[in-house]
Amino acid sequence: MEHKKDSLSQKEIENNRKKLLEKLKKINGKTIGEIDQYGLLQNGNNKGDIGQVIQKYLGKNLDNNPSLDFPDAKLELKVTGLLPSKSKKKDKFRAKERLVLTIINYNEDYKDSFENSHLIEKCNDLLMTCYEYLEPQNGEKVDYSSFPVADSFILTLSKEDKAMMKQDYETIISKIKSGQADQISESDTNYLAACTKGKDSSVRTSQPFSNTLAKPRAFSLKQSFVNSLIREFISDEHFQSIMNGIEGSMPNLEDFVLSKLKPWFGKTEEELSRSLNVTSHAKSRYSMYINRIFKVSSLEKSEEFQKANIVVKTMRIQKTGSIKEKMSFAQMNFIEVANTAWEESSVREYFAERRFLFVAFKETEKGYVLDNATFYNFPEPIVDEFIGYTYKRTRKLLSEGNIVKLLTANSKKAMIHKTNFVGSKENPICHVRPHGANFNDQSPLPVPDKVTGYKCYERQCFWIDTRFINAVLNGKEKEYVFFARKQLKLARQTED
C-alpha cells in the first residue's frame, strides 16, 4: 500500500516504524543465508550485498529510486557489519566500516544548504540492521550467507549530532566552492566524512570551480561515529560528553576545546596539580591535567572525540625546542604489512581518517608549563607521499626478506643489526624504529631474513618525526614539508 509521505500523521509514521522494527527483531540470530529467500547472494553481480537481502525481507523491491527506502515510515535502511570488540568481551562489538550515505555531486550539491540537502533527507532517520562479520579462515572465501544478524534499531540523529554534521557539511562544501574538491580529506571533518568512492583509485571526475579533476566521493558517517552507535545501541555502552549543558547553537568542536584549554596556558605543573587535584608523578599526569580540565576520565574516550575519531597526544618540549618523547603511531604486524597493499592498509586508514589534538608542555625555568594546543589532520598528499613511501618500502623488504643489511659485533661482542628499514634521514616525516622492550621482543616474519635466516624479528613501529610535529605546532608545516620532499627525492635517486 502506498502513501504520500506528506499526508501521513505522526501516529501513522510511528506505527509503520514499529512494524518494520518488529519484523527485523524476528531475524536476530538468524544467518543471512536463512533470510535470503530470493537467492540474492547467489547472484555474482551482487557480491555479497546484504542490504538487498534485508530490503527484500522487509518487502521492498530492489530499485534505483533516490528517495527514502520506506517513505511511509520516513526511514532510510542501512545495513552494516560488526566485528568483535577489541576488549574481547562477549556481546561487545565495534563497527567494521564507515556508513556510506549518498554520492557527492560536486556540480550540484554546493547549491544546497545542509537543511535542504539530499543528504539530510537520507540520514535524518535511519533504520539500522547490524550483522556479525565472520573473518574467513585458512584462506577460504568470505561466506556472506553465514553471517548472523545481531540486532536492529532506529537511529534519529540528535540535534547535537546534526549540528556537528552541519559544520562538517559546510567544510566539505566550502572546499568544493573554493575549487579544492581534489584536496578534500576524510580527516577534515568530525562526524560526517567525504569518503572516496570507486574501485579504481585512479578515477577522477570534474568539479565546478576548478579544471583539476577530483576523486569521486560520497557523504558518509565516519567509522568512529558508527562505532559509537554500535557501542551504545548494541553493546549498551555509554560515553561521557564534554559539551553537555551547552545552550544555544552548538559551537565548533575545535573552537570549544581550545577555548577550554587557553585559560590554562602558562600554568606551571605545580599550579595545574594544585588547581586540578592531580597528585601523580607518572608520565601519564600530563594527560590527567587535560582530562581534569574537561571533567572527564578520558578526553580521548569522550563522546565527541570517539565520534570524531580524534586522538590526543601530549608532549614535552625541552628548552632546546625539541620534543622530548618520540611519537609512535602504529604497531607493525610484519605479515599483515607484507600481504596488504598501501591503499587497503590499516596504516593508511589510521592517518587518513584520524584527527589529532597535540597538546604541548614547554620546559621553562619554573619547570614544564602548559604552552600550546592545536588540532591537526594529515593531508592526503602527505599521507600518500611520505607515510605511503615508508610503508611501501617496508612492505617490499619484508616480502623479499631484506630486513638486515649488515650484522656486526660491538666491543662487548653483542650483535648489532644494521637494517634496511626507512630511517629519519631518508624520510624526515615518517620512519621505522623498534618498539619492543628489547631485541627478544619479536614478531613473526612473512619470509626468513636473507642475511640472518631469522624467522622472527624485533618489533617495529611507524614513527612520525618529532621535527615535523614541532613544525606543525609552530605553524611551519609547509617549510618542513618542502625540506622533507627534497630529502625524499634524494633517497629515491639513491635507491634508483
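- With hydrogens and angles ignored, the 3.5 Å screen pairs no side-chain donor or acceptor of N116 with any backbone N or O of D112.
- In the model, K162 has a side-chain atom that pairs as donor or acceptor with a side-chain atom of N124 under 3.5 Å.
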Problem - S298 vs N291, side-chain hydrogen bond (donor to acceptor under 3.5 Å, both in side chains): CA-CA, chis, key distance, verdict - result: CA-CA 5 Å; S298 170; N291 296 335; 4.9 Å; no
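- Heavy-atom neighbours of K30 NZ from other residues, nucleotides or ligands within 6.0 Å: at or below the threshold of 12.
- The pair E304-K307 does not meet the salt-bridge criterion, since no charged nitrogen lies less than 4.0 angstrom from a carboxylate oxygen.
- Between Y286 and Y289, the two ring planes are perpendicular [angle over 60°; tilted spans 30° to 60°].
- By the 4.5 Å heavy-atom criterion applied to side chains, F386 and F378 are not counted as neighbours.
- Between the side chain of Q240 and the main chain of V296, no donor-acceptor pair closer than 3.5 Å is present.
- Looking at S178, its side chain never comes within 3.5 Å of a backbone N or O of K175 through a donor-acceptor pair.
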Practice task
Would you sort out whether N427 and T390 count as a side-chain hydrogen bond (donor to acceptor under 3.5 Å, both in side chains), showing the intermediate values?
Solution key: CA-CA 8 Å; N427 184 343; T390 296; 2.9 Å; yes
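- Looking at heavy atoms from C-beta onward, L68 lies out of side-chain contact with D125 at the 4.5 angstrom threshold.
- Classification of K25 and D151 as a salt-bridged pair holds, one side-chain N sitting under 4.0 Å from a carboxylate O.
- In summary, the side chains of S228 and E303 do not present any donor paired with an acceptor at a separation below 3.5 Å, with no hydrogens or angles considered.
- The distance from atom CG of L370 to atom CD1 of I290, rounded to the nearest 0.5 Å, is 5.0 Å.
- Below 30°, between 30° and 60°, or above 60°: for F462 and Y391 the angle between ring planes is below 30°, a parallel geometry.
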Exercise for the section: Decide yes or no on ring pair (Phe, Tyr, Trp, His ring centres under 6.0 Å) for Y169 and F219, but give the supporting numbers first. Expected result: CA-CA 9 Å; Y169 178 86; F219 288 115; 5.5 Å; yes
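- Using a 4.0 Å cut-off between charged nitrogen and carboxylate oxygen, K78 and D69 do not count as a salt-bridge pair.
- Annotation for K56: atom NZ counts as buried by contact number, over 12 foreign heavy atoms lying within 6.0 Å.
- Here CD1 of I172 is found 10.0 Å from CG of D109. Values are rounded to the nearest 0.5 Å.
- Using a cut-off of 4.0 Å between Lys/Arg side-chain N and Asp/Glu carboxylate O, E380 and R217 are scored as salt-bridged.
- Rounding to the nearest 0.5 angstrom, the gap separating the CD atom in E135 from the CD atom in E140 is 12.5 Å.
- At least one donor-acceptor pair closer than 3.5 Å links the side chain of K222 to the backbone N or O of E186.
- Looking at Y57, its side chain does come within 3.5 Å of a backbone N or O of K23 through a donor-acceptor pair.
- Judged purely by atom type and a 3.5 angstrom limit, N190 has no side-chain atom pairing as donor or acceptor with the backbone of A308.
- Using modelled atom types and a 3.5 Å distance limit, the side chains of D182 and T212 yield no donor-acceptor pair.
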